[in-house]
Colleague: 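Let me give you the structure first, and then I'll get to my questions.
None of the values given here were measured: they were computed from a predicted structure.
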Amino acid sequence: MQFIDLGAQYKILEERISSRISKVLNHGQYIMGPEVSELETRLSKFVGVKHAITCANGTDALQLCLMSLGIGEGDVVFCPTFTFFATAEVISLSGATPIFVDSDSSFNICSIDLERRIEYVKSQNIGRVAAVISVDLFGLPADYTKLHDIAKKFNLKIIEDAAQGFGGEINGRRAGSFGDVATTSFFPAKPLGCYGDGGAIFTNDDALASLIRSLRVHGKGNTKYDNVRIGLNSRLDTIQAAILLEKLEEFPNELKVRNEIASTYSNALKEHYRVPSIANGFFSSWAQYTLCSDKREDLMSKLKANGIPSMIYYEKCMHQQKAFDSLKDINSNYPNAESFSKSVFSLPMHPYLSQVDIDLIINELLGN
Ligand SMILES: *Cc1c(COP(=O)(O)O)cnc(C)c1O
């Protein structure tokens with residue numbers, strides 16, 4: 001059994017993907033070929049925003065957002081402490097100061113703690129309160145009703161990190177549409193993955209979109225050899241765009257299946273485990289299905305002994321990472337995130353998981 005079975009998906013899409021790739025090999029426009037703009041149009045429709053701009057990976061996508069908002073030295077950017085490293089890494093890379101925020105019971109950023117830390121940053125003159133990178137962790141969109149209120153109150157930009165949340169929804173509105181600007185990743189193991197690295201940025205802001213299009217190609221002006229600002233080289237390869245076009249066709253169906261599997265897990269396990277809670281109106285893309293248990297290590301070895309893979313996301317919070325040691329004085333006290341990091345473990349989750357495997361996983365976890 002595999003944790004995420006990309007091979008099973010490939011078997012179904014093999015012919016369509018091969019024919020898409022061979023089209024690219026025949027027209028030869030490997031960089032910024034027609035598939036890239038076709039994908040951008042399809043992505044913007046899917047998410048329901050005006051602009052989708054593809055780029056090299058989900059980390060660059062976040063960095064391009066910070067650059068486009070002019071965030072750097074002297075600025076403070078908030079993000080959850082319970083996330084993947086890239087979310088926080090780009091803040092330091094931009095020259096700004098990261099302030100980490102605790103999680104609430106949904107695993108996502110706690111808006112009460114966010115507001116408390118904004119007040120703290122202001123009272124201590126740590127820097128200009130500039131933005132929050134909210135993460136749609138494990139596929140579930142963060143609580144944007146609360147985040148929008150806080151953003152308004154403190155004049156804060158919201159950068160939505162939907163690397164895991166792509167495909168998620170709140171009341172029919174799709175993840176990637178909640179931030180002033182949003183990002184996703186097409187890393188193979190994400191809900192919508194390609195066969196290498198890839199990413200995208202979403203926004204309704206025309207000016208921001210054209211700035212990001214310039215930044216992703218060396219700060220280009222009217223032509224490639226007219227450079228009007230310092231940027232990056234961060235394009236999505238045409239072949240990856242071609243693969244994503246085929247995978248995006250299957251994606252809505254895959255999301256349905258992921259949700260069915262998650263319901264099966266939750267219904268069977270809810271009496272014995274802390275299962276993920278999905279608030280009314282919220283829809284997860286189930287990048288991960290995550291349980292909490294104080295007997296995590298025993299459970300994981302029992303699963304392993306029966307050929308069932310499981311993973312820990314995340315064993316270390318951002319405030320516990322050595323790379324952020326120098327920020328310890330201004331980043332402390334994260335009881336929820338620390339308790340999650342000691343108890344979470346994620347089960348196999350992908351749309352091609354068989355009923356036999358699902359039953360096996362549930363039976364092992366129930367001790368049957
Ligand atoms: C995967 C991930 C990223 C980074 O995406 P890459 O494409 O690997 O650079 C950023 N944020 C979160 C929450 C992620 O899960």
Colleague: Are Leu236 and Ile53 connected into the same hydrophobic cluster when the rule is that any two of I, L, V, M, F, W, Y join if their side-chain heavy atoms are below 4.5 Å apart?
Modeller: no
Colleague: State, to 0.1 Å, how close Tyr289 and Met349 come at their nearest heavy-atom pair, and which atoms those are.
Modeller: CB-CE, 4.0 Å
Colleague: Would you give the length of the straight line joining atom OG of Ser185 to atom NZ of Lys190, rounded to the nearest 0.5 angstrom?
Modeller: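 So the OG of Ser185 and the NZ of Lys190 are separated by 4.5 Å.
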Colleague: Do Ile91 and Ile118 sit in the same hydrophobic cluster, where Ile, Leu, Val, Met, Phe, Trp and Tyr count as joined when their side-chain heavy atoms come under 4.5 Å apart?
Modeller: no
Colleague: Tell me, with the steps shown, if Glu160 and Arg174 meet salt bridge (charged side-chain N to carboxylate O under 4.0 Å, His left out).
Modeller: CA-CA 12 Å; Glu160 178 188 358; Arg174 285 234 161 93; over 6 Å; no
Colleague: Take a 6.0 Å sphere around CD of Gln124 and say whether it holds more than 12 heavy atoms from other residues, nucleotides or ligands.
Modeller: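 Atom CD in Gln124 is packed in, count exceeds 12.
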Colleague: Please check if any side-chain donor atom of Ser106 sits under 3.5 Å from a side-chain acceptor atom of Asp104, or the reverse.
Modeller: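 Result is yes, a qualifying pair exists.
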Colleague: Working to the nearest 0.5 Å, report the span between OG of Ser103 and CG of Asn108.
Modeller: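 Rounded to the nearest 0.5 Å, the OG-CG separation comes to 8.0 Å.
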Colleague: Go through the steps to decide whether Phe107 and Phe340 satisfy the test ring pair (Phe, Tyr, Trp, His ring centres under 6.0 Å), and finish with yes or no.
Modeller: CA-CA 8 Å; Phe107 295 123; Phe340 288 148; 4.7 Å; yes
Colleague: Ignoring hydrogens, what is the shortest heavy-atom contact between Cys65 and Val181? Give both atom names and the distance.
Modeller: SG-CG2, 3.5 Å
Colleague: Between Ser285 and Arg258, do the side chains contain an N or O donor and an N or O acceptor separated by less than 3.5 Å?
Modeller: no
Colleague: Got Leu299 and Ser293 here, is their nearest side-chain heavy-atom distance under 4.5 Å?
Modeller: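 They are in contact (side-chain heavy atoms under 4.5 Å apart), so the answer is yes.
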Colleague: Minimum heavy-atom separation for Ala56 and Ser234, please, with both atom names.
Modeller: N-OG, 3.1 Å
Colleague: Can Arg20 and Glu38 be counted as an ion pair, charged N to O under 4.0 angstrom?
Modeller: yes
Colleague: Working note: Ile109 + Asp102, criterion side chain to side chain contact (heavy atoms under 4.5 Å, CB included); need CA distance, chi angles, decisive distance, verdict.
Modeller: CA-CA 6 Å; Ile109 192 165; Asp102 206 0; over 6 Å; no
Colleague: If we ignore angles and hydrogens, is there a donor and acceptor under 3.5 Å between the side chains of Asn233 and Arg235?
Modeller: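 Result is yes, a qualifying pair exists.
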Colleague: How about CG on Asn26, more than 12 heavy atoms from neighbouring residues, nucleotides or ligands closer than 6.0 Å, or not?
Modeller: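 Yes - once you tally the heavy atoms of other residues, nucleotides and ligands closer than 6.0 Å, there are more than 12.
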Colleague: Could you walk me through whether Asp298 and Lys302 pass the salt bridge (charged side-chain N to carboxylate O under 4.0 Å, His left out) check?
Modeller: CA-CA 6 Å; Asp298 291 348; Lys302 195 174 154 227; over 6 Å; no
Colleague: For ring pair (Phe, Tyr, Trp, His ring centres under 6.0 Å), just list the numbers for Tyr334 and His319, CA-CA rounded to whole Å, side-chain angles, deciding distance to a tenth of an Å, and then say yes or no.
Modeller: CA-CA 9 Å; Tyr334 301 95; His319 69 278; 4.3 Å; yes
Colleague: Hydrogens and angles aside, do Asp161 and Thr87 bring a side-chain donor and acceptor to less than 3.5 Å of each other?
Modeller: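 There is such a pair (donor and acceptor under 3.5 Å, judged by atom type) between the side chains of Asp161 and Thr87.
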Colleague: If every non-hydrogen atom of Tyr30 is compared with every non-hydrogen atom of Val24, which pair is closest and at what distance?
Modeller: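 Heavy atoms of Tyr30 and Val24 come nearest at CE2-O, 4.0 Å.
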Colleague: List the atom of Ala52, the atom of Ser44, and the distance in Å for their closest heavy-atom pair.
Modeller: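 Of all heavy-atom pairs spanning Ala52 and Ser44, the closest is CB-N, 3.7 Å.
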Colleague: How far does CE of Met318 sit from OG of Ser341, to the nearest 0.5 angstrom?
Modeller: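 Result: 10.0 Å between the selected atoms.
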Colleague: Under 4.5 Å between any side-chain heavy atoms of Thr203 and Asp180, yes or no?
Modeller: no
Colleague: Counting neighbours of NZ on Lys328 that are heavy atoms of other residues, nucleotides or ligands and sit closer than 6.0 Å, is the number greater than 12?
Modeller: yes
Colleague: To the nearest 0.5 Å, what is the distance between OG1 on Thr238 and NZ on Lys23?
Modeller: 14.0 Å
Colleague: Is any side-chain heavy atom of Asn331 less than 4.5 Å from a side-chain heavy atom of Ile99?
Modeller: yes
Colleague: Which pair of heavy atoms, one from Leu192 and one from Lys247, lies closest together, and at what distance?
Modeller: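 Closest approach of Leu192 to Lys247, heavy atoms only: CD1-CB, 3.8 Å.
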Colleague: If you count every heavy atom of other residues, nucleotides or ligands that lies below 6.0 Å from Ile112 atom CD1, does the total exceed 12?
Modeller: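 Incorrect, the count does not exceed 12.
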Colleague: Taking the side chain as every heavy atom from C-beta outward, state whether Leu327 and Pro98 have any atom pair closer than 4.5 Å.
Modeller: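 Yes, side chains in contact.
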Colleague: May I ask whether Trp286 and Ile362 are part of the same hydrophobic cluster, defined by side-chain heavy atoms of I, L, V, M, F, W, Y residues being less than 4.5 angstrom apart, directly or through others?
Modeller: yes
Colleague: How long is the gap from CD on Glu254 to CG on Leu248, to the nearest 0.5 Å?
Modeller: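 If I round to the nearest 0.5 Å, the distance is 10.0 Å.
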Colleague: Under the side-chain hydrogen bond (donor to acceptor under 3.5 Å, both in side chains) test, which residues partner Lys50, sequence neighbours left out?
Modeller: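 Result, side-chain hydrogen bond (donor to acceptor under 3.5 Å, both in side chains) vs Lys50: Asp206.
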Colleague: Taking Ser210 for the side chain and Ala207 for the main chain, is one N or O donor matched with an acceptor at less than 3.5 Å?
Modeller: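 Yes.
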Colleague: Would you please test Lys153 and Glu115 for salt bridge (charged side-chain N to carboxylate O under 4.0 Å, His left out) and show each step?
Modeller: CA-CA 10 Å; Lys153 181 167 170 191; Glu115 192 156 351; 2.4 Å; yes
Colleague: May I ask you to test the Thr54-Arg216 pair for a side-chain heavy-atom distance under 4.5 Å?
Modeller: yes
Colleague: Run the numbers on Asp149 and Lys146 for salt bridge (charged side-chain N to carboxylate O under 4.0 Å, His left out), then give the verdict.
Modeller: CA-CA 5 Å; Asp149 286 347; Lys146 288 182 188 149; over 6 Å; no
Colleague: Side-chain heavy atoms under 4.5 angstrom apart, residues restricted to Ile, Leu, Val, Met, Phe, Trp, Tyr: same cluster for Val344 and Ile361?
Modeller: yes
Colleague: Tell me, which pairs form a ring-ring contact (aromatic ring centres under 6.0 Å, His included) where one or both residues lie in residues 226-257, sequence neighbours left out?
Modeller: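 For residues 226-257, and leaving out neighbouring residues, the ring-ring contact (aromatic ring centres under 6.0 Å, His included) pairs sorted by first residue read Phe46-Phe251, Phe166-Phe251.
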Colleague: Checking Asp5 against Gln9: is there a side-chain donor and acceptor pair closer than 3.5 Å?
Modeller: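 There is no such pair (donor and acceptor under 3.5 Å, judged by atom type) between the side chains of Gln9 and Asp5.
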Colleague: Below 4.0 angstrom, N of the basic side chain to O of the carboxylate: do Arg16 and Glu250 qualify?
Modeller: yes
Colleague: Among Ser310, Ser346, Ser343, whose side-chain hydrogen bond (donor to acceptor under 3.5 Å, both in side chains) with Thr290 holds?
Modeller: Ser346
Colleague: Given side chains that start at C-beta, do those of Phe3 and Met311 come closer than 4.5 Å, heavy atoms only?
Modeller: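 Side-chain contact under 4.5 Å: yes.
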Colleague: Do Val36 and Phe186 sit in the same hydrophobic cluster, where Ile, Leu, Val, Met, Phe, Trp and Tyr count as joined when their side-chain heavy atoms come under 4.5 Å apart?
Modeller: no
Colleague: Drop me the distance from Thr183's OG1 to Ile159's CD1, to the nearest 0.5 angstrom.
Modeller: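 Thr183 atom OG1 to Ile159 atom CD1 measures 8.5 Å (nearest 0.5 Å).
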Colleague: If we only count heavy atoms from C-beta on, is the Phe345 to Glu297 side-chain gap below 4.5 Å?
Modeller: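 The answer is no; the side chains never approach within 4.5 Å.
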Colleague: Hey, do the aromatic rings of Phe85 and Phe324 have their centres closer than 6.0 Å?
Modeller: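 Yes - the distance between ring centres of Phe85 and Phe324 falls below the 6.0 Å cut-off.
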Colleague: Please answer whether the main-chain N or O of Lys220 pairs with a side-chain N or O of His218 as donor and acceptor at a distance below 3.5 Å.
Modeller: no
Colleague: Ignoring hydrogens and angles, state whether a donor on the side chain of Ser134 or Tyr144 is under 3.5 Å from an acceptor on the partner side chain.
Modeller: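 A donor-acceptor contact under 3.5 Å links the two side chains.
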Colleague: Is there a side-chain contact between Leu347 and Leu303 (heavy atoms, below 4.5 Å)?
Modeller: yes
